[in-house]
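Please read all numbers here as calculations on a predicted model, not as lab measurements. All ligand and atom numbering here is 1-based and tracks the order in the structure. Here, residue 1 is the first one in the sequence, and each next residue gets the next number.
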Amino acid sequence: MDLIAHVNRKLDTLASHSLTRRRRVADSACAPRQVVDGRELLAFCSNDYLGLAAHPQVVEALREGASLYGAGSGASHLVSGHSRAHALLEERLAAWIAPHLEQARALYLCTGYMANLAVLTALGADAEAQIFSEALNHASLIDGARLARAGVTVYPHGDVDALAAQLEASQAATKIVVTDSVFSMDGNLAPLPALLALCERHGAWLVVDDAHGFGVLGAQGRGALEHFGLRSPNLVYIGTLGKAAGVGGAFVAAHASVIELMVQRARPYIYTTAAPPALAHALLASLDIIGGPEGARRRAHLAALVDSLRAALRFQRWQLAPSATAIQPVIIGSNDDALRAAAALQEQGLWVPAIRPPTVAPGTARLRVTLSAAHGIDEVARLARALNELEKTAQ
Ligand SMILES: *Cc1c(COP(=O)(O)O)cnc(C)c1O
C-alpha cells in the first residue's frame with residue numbers, strides 16, 4: 001500500500017494548490033451548444049475555430065472514408081498502413097504550403113504532439129545540434145526538445161535580440177529555432193519575420209508550430225506563413241488538423257529531404273500505427289472548405305466575433321490579453337479566483353475553461369475564451385455581458 005499512498009500524496013498536493021483537473025463528459029458533438037454532463041452549455045473552449053468538427057460535409061466524408069478504407073489502418077506507415085487517402089492528403093498539404101517552402105513535401109502524423117516530437121528528434125538527433133526554444137512553447141515542443149539528443153537553450157518570450165545573442169554565441173553545427181506561431185494560452189503571434197531573418201543569417205532552421213494558425217490565418221487560411229508572407233528553405237512547418245481543420249492528426253511540411261529523413265528516422269512517425277485512413281479522407285473535405293469561399297466567409301465571421309468581444313469587454317482588475325486571434329484569454333491571477341469565475345459562468349450555462357499552472361505561469365491563471373466561426377454574434381454578446389458582470393461582483 002506504500003505505493004498507492006505515495007501516489008495519493010501527489011494527488012493531495014495538487015488538490016491543496018487548486019490544481020486538480022476534472023474531465024467533463026460531452027454527450028454531443030463539438031459545437032457552441034454542447035450537452036455536457038447532461039446539461040446544455042454555451043461553450044467557448046474548443047479549438048474548432050472554423051466550426052468544422054461537426055460540419056455535415058466533413059462528417060459525411062468521414063463516413064465515406066470508412067466505407068472506402070475501413071475503420072483502421074492496421075499497421076504503421078512503413079509496414080502496410082499507408083493508404084491512398086494518406087498519400088492524397090499529403091499531396092494536397094504539400095501543394096497547400098508550397099508557396100512558402102522550397103521543394104515542399106508533407107508528412108501526415110497521428111497527432112500534433114507526435115509531429116513535434118518527430119521534427120525535433122529528427123533534426124536534433126546529434127549532440128552537436130542545439131535547439132533554441134521560445135519560453136512559451138507548447139508542451140509537445142518542450143518534450144520534443146527533451147527527447148532530442150541536441151542541447152536546449154530557452155529564449156525569453158518574443159525576445160528576438162536575446163535569441164540573436166544566443167545564436168551568435170553558439171558553436172553548434174546545427175542550430176534549430178523552434179516556436180509556436182500563435183501562443184496557445186495567450187493568443188499573440190511570434191515575430192516570425194524577424195525570427196526567420198535571424199535564422200537565415202545564422203544558417204539555422206526555423207521550426208514553426210502553427211497549431212492555432214493553420215486554417216485561420218492568412219487570406220486563404222494557409223496559416224502563419226501566408227499571414228506574414230514568408231518563404232524560405234530554412235522553414236519547417238507543423239500544422240495540426242484537429243483544431244481549425246476539425247478532424248485530427250497533424251502534418252509536417254518542409255523541403256523534401258527533411259521529410260525523407262523523417263520517414264527514415266523519426267521514431268514518433270515510424271513506430272506507431274497509421275491514423276485511420278478515413279480521417280485523411282475527411283481532411284480532404286475539410287481542406288476543400290478551408291480553401292474555398294465558405295472558408296473565407298467563416299474566417300471573416302470569426303474575425304468579426306473577435307472584434308465584437310474585445311469591444312464589449314470592460315475590466316477593472318482582470319486583464320484581457322492583447323490578442324487578435326480566436327484565443328482571447330482573460331487573465332485573473334490566482335488559481336482559486338480563476339476556478340471560481342469558471343464555476344460562476346458555468347452556473348449561467350457558459351462553459352469557459354480555467355487554465356492554471358503548469359500550463360501557464362504561476363499567478364497568471366486565466367479564463368481561456370476561444371471563439372469559433374460557429375458562434376453567433378448574440379452568443380458572444382451574452383458571454384461579454386456575463387464576464388463584465390462577473391468581474392464587478394467577484395471578490
Ligand atoms: C494542440 C497543440 C499541439 C498538439 O496538437 P494535437 O494534434 O492536439 O496533438 C501542438 N502545438 C500546439 C501549439 C498546440 O496548441
Side-chain angles (χ1 to χ4, degrees), residues 21 23 26 30 45-50 52-53 58 86 89-90 93 106-121 123 131 133-148 154 157-158 176-192 195 206-217 223-225 227 236-253 266-269 272-276 279-280 282-283 286-287 290 321 323 325-329 353 355 358-360 366 368-372:
R21 294 157 185 241
R23 298 173 304 168
C30 174
C45 18
S46 85
N47 304 307
D48 180 25
Y49 302 123
L50 296 179
L52 299 185
V58 179
H86 296 122
L89 176 63
E90 289 179 345
L93 291 167
L107 188 71
Y108 178 60
L109 291 97
C110 295
T111 71
Y113 186 96
M114 292 168 75
N116 285 344
L117 298 188
V119 168
L120 293 179
T121 55
L123 289 179
I131 295 172
S133 181
E134 146 78 55
L136 292 193
N137 272 347
H138 188 261
S140 56
L141 292 174
I142 296 169
D143 292 356
R146 283 181 183 151
L147 200 55
V154 175
H157 178 55
I176 305 157
V177 174
V178 58
T179 184
D180 284 15
S181 57
V182 179
F183 292 94
S184 50
M185 297 301 137
D186 294 78
N188 59 326
L189 300 183
L192 292 182
L195 292 175
L206 179 59
V207 176
V208 177
D209 174 353
D210 201 24
H212 301 279
F214 178 85
V216 198
L217 294 179
L225 303 184
H227 174 83
V236 175
Y237 178 87
I238 298 133
T240 70
L241 300 168
K243 289 173 178 157
V247 182
F251 71 103
V252 180
R267 296 162 70 92
Y269 179 71
T272 194
T273 300
L279 298 186
L283 281 162
S286 168
L287 290 177
I290 294 172
S323 158
T325 66
I327 303 168
Q328 292 291 322
I355 306 288
T359 312
V360 294
R366 63 198 65 186
R368 180 176 181 266
V369 173
T370 52
L371 299 177
S372 162

Would you please test Arg146 and Ser133 for side chain to side chain donor-acceptor pair (under 3.5 Å) and show each step? CA-CA 11 Å; Arg146 283 181 183 151; Ser133 181; over 6 Å; no
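A donor-acceptor pair shorter than 3.5 Å can be found between the side chains of His157 and Asn188.
Ala115 pairs by the side-chain contact (heavy atoms from CB on, under 4.5 Å) definition with Leu109, Ile238, Ala250, Val252, not counting sequence neighbours. With sequence neighbours excluded, the residues satisfying side-chain contact (heavy atoms from CB on, under 4.5 Å) with Ser372 are Ala374, His375. Remark: Val182 pairs with Leu189, His212, Leu217, Thr325, Ile327 by the side-chain contact (heavy atoms from CB on, under 4.5 Å) rule, at least two apart or across chains.
Side chain of Asp210 to main chain of Ala224: a donor-acceptor pair is present (N/O by atom type, distance under 3.5 Å, no hydrogens or angles).
For ligand 1, residues of the protein lying within 4.0 angstrom by heavy-atom distance are Thr111, Gly112, Tyr113, Asn116, His138, Ser140, Asp180, Ser184, Asp209, Ala211, His212, Thr240, Lys243.
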